[in-house]
Amino acid sequence: MSSQRNASEMGAIVCRCEGLTWAAVQRALEQFQPTSLRELKLVTRWGMGICQGRTCRPFMAGVPLSDGETTEPSGLSLHVPYKAVALSSLVDEGGQDNAWRPT
Amino acid sequence: MSAKVIVVGAGVIGAASAHYLTQSGASVTLLDRGDIGGETSSRCDGNVLAIDKDPGFDSQMALKSQELLRELAQALSPFEYRRPGSYLVCDNADEVEMAREWVHLQQEAGLPFAFLDAAAVHRHLPHLAEDVPGGLLCGSDATLNPLLYTHALVASARARGAVVRPHQAVQELWMDDGRVRGVVLESGGGIEGDAVVVAAGNWTPALLQSVGISLPIRPRKGHLLVSAKGPLFGDAKVMEFGYLMSKFGRERQASALALRYGVALVYEPTLSHNFLLGSSREFVGWDTSPAMEVVRVIAQRAQRFYPGMRTATIMRSYAGLRPWTPDHFPIVSTIDRVPGLIVAAGHEGDGIGLAAVTGHLVADLALERDPVIGVEPLRWDRPSLKGVAQDV
């Protein structure tokens with residue numbers, strides 16, 4: 001937890017994509033009392049920017065959460081397309097269906 | 001002494017119920033087996049729409065909820081509420097004729113709708129593909145951040161004394177002499193109450209089976225894509241007219257894959273400067289992991305209406321399970337043969353928009369007041385839900 005303590009002392013940005021400060025994380029912990037990393041993500045937007053948590057996840061995974069009444073996994077998962085892509089690249093890989101036009 | 005009410009499910013419907021119950025002086029315990037808003041209410045978009053409701057009770061219920069939501073936006077902690085209106089845009093000339101008729105019906109019912117011909121739709125929505133032949137708008141429609149909304153409702157209930165217990169699963173209803181006495185927890189022990197509100201979305205039928213009540217609510221999977229921060233394609237919500245057809249299961253012209261996955265364009269800008277793209281509707285069980293093929297079809301549909309999105313960056317997708325009912329109305333109802341039990345579930349894709357009116361109605365039913373809207377169309381034993389097998 002020492003790196004989290006250092007962040008607090010420095011008032012650091014903990015998620016640069018979303019410009020999220022450690023102070024804002026602490027406020028959210030108090031206000032929303034999240035019981036999973038996923039819930040903390042949804043109320044602070046950590047890991048929701050262009051790097052998709054590649055930079056901040058190891059750090060945020062160490063944030064202590066409110067006492068849930070049972071132990072649960074983080075709730076975090078990875079979803080397609082896994083990395084930032086141009087919309088056109090999703091379209092162009094769509095195959096023949098893409099050529100459909102109304103009759 | 002104040003009524004003790006147990007609310008099972010801390011999604012947006014249970015949260016709104018807890019808010020309105022505590023506002024009326026009830027003593028509330030709010031339970032969820034997972035996080036607050038951890039399932040459907042955080043795997044959705046922020047629809048507060050009248051534009052896609054049938055004229056009549058459907059649209060009047062939506063308008064009432066919009067009116068209540070305007071009050072909530074003043075009273076609760078911020079949840080990114082704004083009211084930019086919403087648009088439906090047409091793919092082809094047939095849809096333009098249907099849109100004209102739709103607007104006519106809605107205007108006659110007193111809703112703030114306007115028909116947009118080709119010139120008008122491009123004036124309102126300059127990023128649209130040139131061949132889009134028309135559309136319509138609804139001026140009262142709003143949008144918000146669904147999880148922050150759910151949390152704001154929970155915080156309000158908590159401030160008025162509600163006990164909020166996430167990660168506390170209910171095993172079954174606690175029955176005593178034919179009436180509900182409370183709930184039995186999976187972790188052991190029970191909680192007593194004068195009334196139990198089951199607002200557990202897709203999980204509602206399983207909870208009610210033990211008391212012999214069968215509800216035709218089924219999970220309908222819906223996908224959404226998320227863009228990176230970047231230029232937006234307008235500030236208002238835009239859907240294609242075919243979204244209506246897809247929602248109501250009516251015939252429409254679209255590609256085979258779009259029809260198979262129930263894909264219709266939904267564009268929703270967020271306050272975080274990214275946009276969401278939807279949507280799909282499928283009955284494929286309980287899996288919430290997004291499928292690449294569905295993501296591609298949604299992207300295709302978006303590019304058909306917004307050619308300029310070609311270069312937009314998509315960085316993730318997610319999917320949620322909308323609690324579907326056969327007649328597209330939620331179930332918000334007492335159950336005569338199980339005194340003390342209230343059901344509030346089955347809102348499909350309208351849970352965010354209808355949470356306010358639903359929560360108000362739940363409080364009305366629990367406290368035996370005059371209901372805020374008619375209760376008959378939402379009863380669990382209404383004719384349009386009868387005879388529908390759960391495993392169709």
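Residue numbers start from 1 in every chain, and the chains themselves are labelled A, B, ... in the order their sequence lines are given, proteins ahead of strands. Only a predicted model underlies this, so the values are computations on that prediction, with no experimental measurement involved.
Note: B:Ser42 leads B:Ser42, B:Ala155, B:Ala169, B:Ala302 in heavy-atom pairs under 4.5 Å with chain A.
Using a 4.0 Å cut-off between charged nitrogen and carboxylate oxygen, B:Arg296 and A:Asp92 do not count as a salt-bridge pair. Here B:Arg304 does not pair with B:Glu240 in a salt bridge; the nearest charged N to carboxylate O distance is not below 4.0 Å.
With contacts defined as side-chain heavy-atom distances shorter than 4.5 Å, the pair A:Val14/A:Met60 qualifies. With a 4.5 Å cut-off on side-chain heavy atoms, B:Asp32 and B:His167 do not count as touching.
Looking at A:Gln52, only its side chain comes within 4.5 Å of chain B, counting heavy atoms on both sides. In this structure, chain A has no heavy atom under 4.5 Å from any part of B:Asp94. Contact annotation for B:Ile298: neither backbone nor side-chain heavy atoms come within less than 4.5 Å of a heavy atom of chain A. Both the backbone and the side chain of B:Ile36 come within contact range of chain A, judged by heavy atoms closer than 4.5 Å.
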Enumerate, atom names and distances included, each donor-acceptor pair closer than 3.5 Å involving a side-chain atom of residues 310-318 of chain B, sequence neighbours excluded.
{"residue": "B:Arg316", "atom": "NH1", "partner": "A:Met48", "partner atom": "O", "Å": "3.2"}
{"residue": "B:Ser317", "atom": "OG", "partner": "A:Val80", "partner atom": "O", "Å": "2.5"}
{"residue": "B:Tyr318", "atom": "OH", "partner": "B:Cys44", "partner atom": "O", "Å": "2.8"}

